[in-house]
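First the structure, in the form of structure tokens, and then the observations on it.
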Amino acid sequence: MELTFHTDYGLRTLMYAASHPDRKVTMREIANAYSISLDHLRKVVHRLAQNGYLVTTKGRGGGLTLGRSPERIRIGEVVTVMEESMDIVDCQRQPCPLCGACSLKEAFDSAKYAFVDRLNEFTLAGLLENRRTSLAIRKLG
């Protein structure tokens, strides 16, 4: 299973914002820091803001900040919000004669839930407790 760039950028955006709690950060700043498309980042920030992870302000002096404390942002929740689908396999993509009666799908679903549960053991604050990570992010901006 590989997460989409959308999710990756979302997590990195949250880490960047959390690493600069003393000020608003801009999308341009984040896009430059990570060398990602500003247009793509707009979609990412929009989804994060819709779900309360970011607060955005337009205009001069605008930017974005975390919408809740880093201790309350669980990584598994963010992944679930950002991913279009968490299915490991799409049984409908190519019709399968076992569809609806397949124990393999059940095994994949069980693994998916375990993956998200494990990620939910990590918070944004916990990720940034790693000094090397925090310093690396602060150096970007």
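Note: hydrogens, waters and symmetry copies are ignored here, and every other heavy atom, side chains too, is used.
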Specify the closest pair of heavy atoms between [X] and [Y], including all atoms of both residues, with the distance to one decimal.
X	Y	answer
Thr26	Gly62	CG2-O, 4.1 Å
Pro70	Thr123	O-CB, 3.7 Å
Thr56	Val45	CG2-CG1, 3.7 Å

Problem - Hydrophobic cluster membership, Leu3 vs Tyr113, 4.5 Å side-chain cutoff - result: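 In one cluster: no.
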
Exercise for the section: Take Val44 and Met82, measure what side-chain contact (heavy atoms from CB on, under 4.5 Å) needs, and give me the verdict at the end. Expected result: CA-CA 8 Å; Val44 169; Met82 298 302 287; 3.8 Å; yes

Separation of [Y] [atom2] from [X] [atom1] (nearest 0.5 Å):
X	Y	atom1	atom2	result
Leu66	His20	CG	NE2	11.5 Å
Asp87	Lys105	CG	NZ	4.0 Å
Ile30	Tyr16	CD1	OH	7.0 Å
Ser110	Phe115	OG	CZ	14.0 Å
Leu128	Arg138	CG	CZ	10.5 Å
Asn130	Leu135	CG	CG	9.0 Å

Handout entry: Selection residues 22-43 - residue pairs positive for ring pair (Phe, Tyr, Trp, His ring centres under 6.0 Å), sequence neighbours left out
Key =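 Passing the test, one end in residues 22-43: His6-His40, Tyr9-His40.
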
Problem - NZ/NE/NH1/NH2 to OD/OE distance under 4.0 Å, Glu29 and Lys24 - result: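 Between Lys24 and Glu29 there is no salt bridge, as every charged N stays at least 4.0 Å from the carboxylate O atoms.
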
Exercise for the section: For the pair Arg72 and Glu77, find out whether any cationic side-chain nitrogen is under 4.0 Å from an anionic carboxylate oxygen. Expected result: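 Salt bridge absent between Arg72 and Glu77.
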
Problem - Working for side-chain contact (heavy atoms from CB on, under 4.5 Å), residues Ile75 and Leu11 - result: CA-CA 8 Å; Ile75 302 306; Leu11 292 168; 4.1 Å; yes

Practice task
Tell me, yes or no, whether the heavy-atom count around Glu121 atom CD, taken from other residues, nucleotides or ligands under 6.0 Å, exceeds 12.
Solution key: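 Enclosed.
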
Kindly indicate whether the side chain of [X], heavy atoms from C-beta on, has any atom under 4.5 Å from the side chain of [Y].
X	Y	result
Val55	Leu64	no
Arg68	Tyr53	yes
Leu14	Leu54	yes
His46	Gln50	yes
Ile88	Asp109	no
Val81	Asn51	yes
Met86	Val116	yes

Problem - Polar side chain donor-acceptor pair, Thr7 to Glu83, under 3.5 angstrom - result: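 There is such a pair (donor and acceptor under 3.5 Å, judged by atom type) between the side chains of Thr7 and Glu83.
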
Practice task
Decide side-chain contact (heavy atoms from CB on, under 4.5 Å) for Thr13 and Met27; before the verdict, give the C-alpha distance in whole Å, the side-chain angles of both, and the deciding distance to 0.1 Å.
Solution key: CA-CA 9 Å; Thr13 296; Met27 284 192 289; over 6 Å; no

